[in-house]
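The first residue of the sequence shown is numbered 1, and numbering continues consecutively from there.
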Amino acid sequence: MSMNAVVYQGPHDVAIEEVDEPEIEHENDIIVDITTTAICGSDLHMYEGRTSADPGIVFGHENMGTVIETGEAVTSLEEGDRVVMPFNVACGFCRNCENGYTGFCTNVNPGFAGGAYGYVAMGPYKGGQAEKLRVPFADFNALKLPEGNEHEDSFVLLADIFPTGWHGTRLANLQPGESIAIFGAGPVGLMAAYSAKLQGASEIYVVDRVPSRLELAEDHCDAHAINFEDSDPVEQIKDAHGGGVDNGVDAVGYQAIDPETDPSDDAYDPARENPAIVLNQLIQTVRPTGELGVPGLYVPSDPGAPDEMAAQGRLGIDFGKLFEKGLKVGTGQCNVKEYNRELRDMIIEGRADPSWVVSHRVDLDQAPEMYEKFDEREEGVTKVLLEP
């Protein structure tokens with residue numbers, strides 16, 4: 001049996017192809033009929049050829065749907081259950097999983113701490129931008145949702161960006177009443193700003209260059225919008241705030257744009273990249289003894305880096321200033337299971353509704369077109385959901 005899936009062909013090229021349907025491979029597997037899956041900013045790193053991804057990968061690590069088959073050992077799930085999966089694939093019983101670090105499971109991806117669906121170097125797990133998905137260690141990895149189709153756009157965000165945005169604020173140890181600066185108003189940055197609002201931040205500053213994204217931050221997160229194309233974002237924040245903020249979040253990662261370079265006509269120009277710029281701006285922006293959270297993706301090797309040092313994952317960080325100010329830094333991908341159950345319940349009870357970040361819901365066969373639009377950072381394209 002075959003099904004349609006989004007398959008990586010090479011840089012800037014994905015296509016809808018027929019691939020084999022997944023099957024139960026272990027008695028703790030389930031098969032999920034995908035109802036909603038999403039395009040993630042992390043997918044763009046592979047899409048742009050900025051990783052070692054080989055053609056043939058089925059993309060998609062933000063997945064939800066209905067259980068249609070269960071392995072014999074599955075005890076907490078049954079056919080018909082509505083579920084959403086963390087992007088992390090985790091075993092549940094290694095040392096890291098037992099301590100809550102499910103993003104760094106040591107059993108699911110030999111030689112590497114952490115596994116994920118449809119992602120280079122993250123194990124043999126096919127992605128969910130497809131009609132069906134195999135979920136391993138299903139009792140541990142699948143989160144049950146209420147029956148029906150209510151909150152579909154919000155629940156799918158539990159797979160990655162809502163918990164990851166929340167994780168950014170927790171890495172920075174944000175406390176109620178504190179101020180925070182979030183660099184990046186892509187989906188994760190917007191979710192970090194929304195999380196900061198939900199957690200009682202007093203002032204929220206969001207830095208980006210795309211007006212429609214900054215407007216979302218103002219409208220839904222009560223944030224102060226800072227456009228780094230206008231002037232130095234550090235000075236803008238300090239002028240508005242009267243000094244350094246308490247916390248900072250890097251929701252950009254290694255493809256950060258340097259404001260000092262000249263803007264081009266392109267929506268996104270790799271020639272303007274400076275992979276250390278956001279971290280160094282945060283070091284300047286956050287007050288002495290403040291804390292930084294870095295959920296933005298950094299990689300140990302980057303084939304498309306602007307210089308040889310960055311190609312090896314080595315950055316020119318202002319470590320002397322970091323040390324002088326006594327700043328603390330938390331890094332790493334999100335352990336989704338640490339947050340997704342509580343965030344699900346907040347959505348169910350109406351305490352949170354992150355669905356405002358969704359800009360498009362389209363059929364799976366429109367994925368190639370939407371990848372192109374999202375990659376070009378087109379106005380109004382913030383979060384794209386695919387419906388197989």
Are [X] and [Y] close enough for a salt bridge, meaning some N to O gap below 4.0 Å?
{"X": "E324", "Y": "K321", "answer": "yes"}
{"X": "E273", "Y": "R50", "answer": "yes"}
{"X": "K373", "Y": "D375", "answer": "no"}
{"X": "R361", "Y": "E387", "answer": "yes"}
{"X": "E152", "Y": "R82", "answer": "yes"}

Compute whether any side-chain donor of one residue and acceptor of the other, for [X] and [Y], lie under 3.5 angstrom apart.
{"X": "R170", "Y": "S195", "value": "no"}
{"X": "N28", "Y": "D139", "value": "yes"}
{"X": "N335", "Y": "H167", "value": "no"}
{"X": "S179", "Y": "D246", "value": "yes"}
{"X": "E291", "Y": "N173", "value": "yes"}
{"X": "E48", "Y": "H12", "value": "no"}
{"X": "N96", "Y": "T106", "value": "no"}
{"X": "Q199", "Y": "T169", "value": "yes"}

(request) Step by step, work out the side-chain contact (heavy atoms from CB on, under 4.5 Å) result for S355 and H151. (result) CA-CA 8 Å; S355 63; H151 305 306; over 6 Å; no
(request) Please confirm whether K126 makes a cation-pi placement over Y117, using NZ or CZ under 6.0 Å from the six-membered ring centre and within 45° of the ring normal. (result) no
Taking the side chain as every heavy atom from C-beta outward, state whether [X] and [Y] have any atom pair closer than 4.5 Å.
{"X": "N88", "Y": "Q333", "answer": "yes"}
{"X": "L190", "Y": "I161", "answer": "no"}
{"X": "E18", "Y": "M3", "answer": "no"}
{"X": "K383", "Y": "E62", "answer": "yes"}
{"X": "E79", "Y": "I68", "answer": "no"}

(request) Following the transitive rule for hydrophobic clusters with a side-chain heavy-atom cut-off under 4.5 Å over Ile, Leu, Val, Met, Phe, Trp and Tyr, establish whether M85 and L145 coincide in one cluster. (result) no
(request) Report whether V245 and F228 are members of the same hydrophobic cluster (ILVMFWY, side-chain heavy atoms less than 4.5 Å apart, transitive linking). (result) yes
Centroid-to-centroid, [X] to [Y], below 6.0 Å?
{"X": "Y194", "Y": "W356", "result": "yes"}
{"X": "H45", "Y": "Y254", "result": "yes"}
{"X": "Y47", "Y": "Y8", "result": "no"}

(message) Within this structure, what is the CG-CG distance for the pair L327 and N247, rounded to the nearest 0.5 Å?
(response) 10.5 Å
(request) Work out which heavy atom in E131 is nearest to a heavy atom in D33; give both atom names and the distance. (result)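 For E131 and D33, the tightest heavy-atom pair comes out as O-OD1, 3.3 Å.
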(message) Taking Q175's backbone N and O only, do any of them form a donor-acceptor pair with E178's side chain (distance below 3.5 Å, no angle check)?
(response)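 Yes, E178 side chain to Q175 backbone: donor-acceptor pair under 3.5 Å.
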(request) Could I get the full list of side-chain hydrogen bond (donor to acceptor under 3.5 Å, both in side chains) partners for Q129, not counting sequence neighbours? (result)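 Partners of Q129 by the side-chain hydrogen bond (donor to acceptor under 3.5 Å, both in side chains) criterion, ordered by chain and then number, come out as D43, Y371.
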